[in-house]
Amino acid sequence: MMCKFIEDENLSRAWGRAVRPMIGRGAVKEIAPCCVSITGFDNGVAREDPRIRSVLDASLLEEKRQNCHTVANTIFPESMWNPSAPRSALFARYALALPRMKRASTKNRALLKQV
């Protein structure tokens, strides 16, 4: 089954549904294109089930894949973001971290080659 579009009010359920085809017997290697939309937020924070995230992280680790937090930070580096600062500050911080990210994993070198 290919992931095309998943929408859910819960972050954990949505991403669980997205990666499920890649885990276990009969797993696929890629689920592209895939778009995940989260609609449930409480004060700007996505609703999440820590039990689901824990099981998902364990499954990803077993398959030698990156955990939820790592993947989320590749989509948007929230730890580098200061909402009260101009976006140029985020871009500058990211540019400073880019060489370290490239060295951290051979997977990053190819993905970040264009940046």
Side-chain angles (χ1 to χ4, degrees):
M1 177 178 116
M2 296 289 288
C3 168
K4 295 192 187 286
F5 182 77
I6 292 173
E7 181 176 342
D8 202 300
E9 66 179 23
N10 184 287
L11 176 82
S12 305
R13 284 196 312 255
W15 281 108
R17 289 170 44 206
V19 301
R20 187 174 182 190
M22 296 190 311
I23 298 171
R25 216 166 80 190
V28 297
K29 299 234 180 235
E30 184 175 294
I31 53 169
C34 184
C35 179
V36 176
S37 176
I38 311 304
T39 58
F41 292 86
D42 294 321
N43 297 319
V45 177
R47 291 184 198 128
E48 184 174 11
D49 184 329
R51 296 169 299 166
I52 293 174
R53 180 180 235 185
S54 177
V55 169
L56 181 56
D57 278 341
S59 296
L60 290 167
L61 180 62
E62 187 176 306
E63 296 292 323
K64 296 182 174 51
R65 300 197 182 270
Q66 296 176 336
N67 68 24
C68 296
H69 180 75
T70 300
V71 173
N73 273 319
T74 62
I75 295 168
F76 183 79
E78 185 177 24
S79 61
M80 294 183 178
W81 180 51
N82 176 352
S84 63
R87 65 182 174 185
S88 59
L90 170 64
F91 303 154
R93 289 185 77 187
Y94 188 85
L96 285 173
L98 188 58
R100 190 173 69 240
M101 287 187 278
K102 287 181 178 181
R103 287 191 304 271
S105 170
T106 56
K107 293 176 185 176
N108 292 344
R109 290 178 199 141
L111 293 172
L112 297 172
K113 192 180 261 187
Q114 302 154 339
V115 178

K.L.:
Give the table of side-chain donor-acceptor pairs shorter than 3.5 Å for residues 86-93, with sequence neighbours excluded, one pair per line with atom names and distance.
P.N.:
residue : atom : partner : partner atom : Å
Arg93   : NH1  : Met80   : O            : 3.0

K.L.:
Who passes side chain to side chain contact (heavy atoms under 4.5 Å, CB included) against Ala27, sequence neighbours left out?
P.N.:
none

K.L.:
Roughly how far, to the nearest 0.5 Å, is the CG atom of Asp8 from the CD1 atom of Ile38?
P.N.:
6.5 Å

K.L.:
Partners of Ser37 by side chain to side chain contact (heavy atoms under 4.5 Å, CB included), sequence neighbours excluded?
P.N.:
Phe5, Glu7, Thr39

K.L.:
Is it true that, when you exclude Glu78 itself, more than 12 heavy atoms of the residues, nucleotides or ligands shown sit nearer than 6.0 Å to its CD?
P.N.:
no

K.L.:
Would a single hydrophobic cluster contain both Leu60 and Val28, if residues Ile, Leu, Val, Met, Phe, Trp and Tyr are joined by side-chain heavy-atom contacts under 4.5 Å?
P.N.:
yes

K.L.:
For the atom pair NZ (Lys4) and SG (Cys34), what is the distance rounded to the nearest 0.5 Å?
P.N.:
10.0 Å

K.L.:
Where is the tightest heavy-atom contact between Tyr94 and Pro77, given as atom of each residue plus distance?
P.N.:
CD1-CG, 4.0 Å

K.L.:
Applying side chain to side chain contact (heavy atoms under 4.5 Å, CB included), name anything that partners Asn82, two or more places apart in sequence or on another chain.
P.N.:
Ser84, Ala85

K.L.:
Would you give me the side-chain donor-acceptor pairs under 3.5 Å for residues 50-57, sequence neighbours excluded?
P.N.:
residue : atom : partner : partner atom : Å
Arg51   : NE   : Asp49   : OD1          : 3.3
Arg51   : NH2  : Asp49   : OD2          : 3.0
Arg53   : NE   : Glu48   : OE2          : 3.0
Asp57   : OD1  : Cys68   : N            : 2.8

K.L.:
Supply the atom-to-atom distance Arg17 CZ to Arg20 CZ, rounded to the nearest 0.5 angstrom.
P.N.:
10.5 Å

K.L.:
Provide the closest heavy-atom pair for Val36 versus Ala14 in the form atom of the first, atom of the second, distance.
P.N.:
CG1-CB, 3.7 Å

K.L.:
Find the distance between CZ (Arg47) and CG (Asn10) and round it off to the nearest 0.5 Å.
P.N.:
8.5 Å

K.L.:
Just do the side chain to side chain donor-acceptor pair (under 3.5 Å) check on Thr70 and Asn73 with the steps written out, would you?
P.N.:
CA-CA 5 Å; Thr70 300; Asn73 273 319; over 6 Å; no

K.L.:
So how far is it from Ile6 CD1 to Trp15 CH2, rounded to the nearest 0.5 Å?
P.N.:
8.0 Å

K.L.:
With a 3.5 Å distance limit and no angle check, can you tell me whether Asp42 reaches the backbone of Val45 through a side-chain donor-acceptor pair?
P.N.:
no

K.L.:
With sequence neighbours excluded, what pairs up with Ser59 under the side chain to side chain donor-acceptor pair (under 3.5 Å) test?
P.N.:
none

